[in-house]
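As the structure lists them, so they are numbered: ligands from 1, and atoms in each ligand from 1.
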Amino acid sequence: MKNDFRQKLHLEPQKGWLNDPNGLCFFKGEYHVYFQYAPDRPDGGGRKCWGHFKSKDMLNWQFTGIVLFPDTPDDKDGVYSGCGLVKGDKLYLFYTGNVKQDGDHDYTTSGRGANVILVTTDDGQNMSEKKVLLRNSDYPDYCSCHVRDPKVWEEDGRYRMVLGARTLDDKGCVLFYTSDDLEHWEFEEELRTADLGYMWECPDFFRFGENEYLSISPQGIPNEKYRFQNVYSSGYLAMQKGTYTEWDIGFDFYAPQSFEAPDGRRLFYGWMGIGDIPYFNLTTGQGWQHCLTLPCELFAREDGVLLRQPARELEQLRRDSFDITDGRFCDTELPFELVGAADKAFSVVLAGVFSLVYYNGEAMLRFMGSAGCGRTARFAKLASCRDIRLIADKSSCEVFLNGGEIVFSTRMYPADTNVKLITEGITGRLYKLEGIEVKTDG
Ligand code: FRU
């Protein structure tokens, strides 16, 4: 069937542009996924709002529309990214109100207001009045006007907030604030590391046991062969070890956010896209662009490395399946999932679209033909590879190696939903997948 590129497994807008996941939480029996939404234009221009999806099971979703508009002087140029914190029977949403002042400004050292704004809601959709909690004058003097994307959590009976920032001398950093009541915030400390770019966006902070993790999306790190292959990076600092590890080696991943599910799992969504990419997405001409990643679960390995796997709920979407044995050629249909054990060397080829090859300590994803829309090749170093899980939707592919130690998230645009798959060195199963349900209000 001709591919219309409409995703079956991923949250995406019907029209306009989506970027970062925002306000992720489980509140009053439902998962809430807010996102950066520019409803007017598929290139991200026009009003920047928060759109809202909700679901009881992460399989049946409802799109309830736009819940936050840039409609006050404190957020007139964008309801930018932020987070959610559930407290009693209220959901607190914190975001950045972006304000561009008139005049001759570069909007980095002058001319931009970056306000931390709070709204509360009883139902996830109807919002209270907006209240400004922090303004540029509340940030350290060495910061430029790029300070944004609050993430708030509770710790030892107090609250903490982390904000991403760019200093006046072009260093990426985060600012930590603390509060007793979620409204009055005091500056606590700043954190930066050498050589991680000029701006850190969308920070997130969480723990596994004693280990603390700070997720950041840094801009301005020079490209290397195995790291920092995209225009902007996204990864986590393991605070005790002091290491930075990228979340994803694919072409399309940025600005993830995590939250805790009621059963204690740390769930995680990213934006399956990046700003300022040198490649493109074929849906733009049809009026929409971008989607979120699959919901994932994070795990900490004994050595502190984080593993990422698709949320277990997604296994309920599995339908007809058949065995894959070494050296197999098969016809299948998007969306599908491949789960297998891997030999010392292996390959998966989606005919005419891409090849994924593991050989001699290197995994490589390479596009062929035009289905990559300018995407070329991405490389990961991996001493050995034991298993693979690949989930292909109608216009994306997410590949998880070694239980999620390495992940490639990538958009792709095969002309047809009937595809040919050629595998070598893999023994496992291929499942057809049912789509998720996304109803739209109104
Ligand atoms: C990251 C980002 C955030 C900002 C938002 C605006 O993609 O640039 O820093 O809040 O997008 O849409």
Undergrad: Tell me, which protein residue and heavy-atom name are nearest atom 6 (C) of ligand 1, and how many Å apart are they?
TA: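 Ranked first by proximity to atom 6 (C) of ligand 1 is Q36 OE1, 3.2 Å.
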
Undergrad: Give a yes/no on ligand 1: does N19 have at least one heavy atom closer than 4.0 angstrom to it?
TA: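 Right, N19 reaches ligand 1.
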
Undergrad: Provide the full list of salt bridge (charged side-chain N to carboxylate O under 4.0 Å, His left out) pairs with a residue in residues 76-85, sequence neighbours left out, each pair given once.
TA: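 For residues 76-85: none.
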
Undergrad: What atoms of ligand 1 come within less than 4.0 Å of a heavy atom belonging to Y254?
TA: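 Counting from 1, the qualifying ligand atoms are 1 (C), 7 (O).
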
Undergrad: Taking the six-membered ring of Y236, is the NZ or CZ of R266 close enough (under 6.0 Å from the centre) and on axis enough (within 45°)?
TA: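 Judged by the rule, R266 and Y236 form no cation-pi pair.
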
Undergrad: Restricting to side chain to side chain contact (heavy atoms under 4.5 Å, CB included), what partner residues turn up for D170, sequence neighbours left out?
TA: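 With sequence neighbours excluded, D170 shows a side chain to side chain contact (heavy atoms under 4.5 Å, CB included) to R166, Y198, given in chain and number order.
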
Undergrad: For atom 2 (C) of ligand 1, grab the closest protein heavy atom and report residue, atom and distance to one decimal in Å.
TA: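 Checking every protein heavy atom, the shortest distance to atom 2 (C) of ligand 1 gives D20 OD2, 3.4 Å.
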
Undergrad: With no hydrogens and no angle check, is any side-chain donor or acceptor of S55 less than 3.5 Å from a backbone partner on N60?
TA: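 Judged by distance alone, yes, a pair lies under 3.5 Å.
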
Undergrad: Which residue and non-hydrogen atom of the protein lie closest to atom 8 (O) of ligand 1, and at what distance in Å?
TA: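 I find the closest protein heavy atom is E201 OE2, 2.9 Å.
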
Undergrad: Taking only heavy atoms of S81, which atoms of ligand 1 are found under 4.0 Å from at least one of them?
TA: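 With S81 as reference, the close atoms of ligand 1 come out as 5 (C), 10 (O).
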
Undergrad: Is a side-chain donor or acceptor of Y34 paired with a backbone partner of G124 at a separation under 3.5 angstrom?
TA: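 Yes; at least one donor-acceptor contact below 3.5 Å.
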
Undergrad: Mind checking whether W271 has an N or O less than 3.5 Å away from an N or O of ligand 1?
TA: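 No - when backbone and side-chain N and O of W271 are compared with those of ligand 1, no distance drops under 3.5 Å.
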
Undergrad: Which ligand 1 atoms does D149 reach within 4.0 Å, using its non-hydrogen atoms?
TA: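 So the answer, numbered in order with elements, is 3 (C), 4 (C), 9 (O), 10 (O).
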
Undergrad: Check the orientation of F27 and H32. Use parallel for under 30°, tilted for 30 to 60°, and perpendicular for over 60°.
TA: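 The rings of F27 and H32 sit tilted, inter-plane angle from 30° to 60°.
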
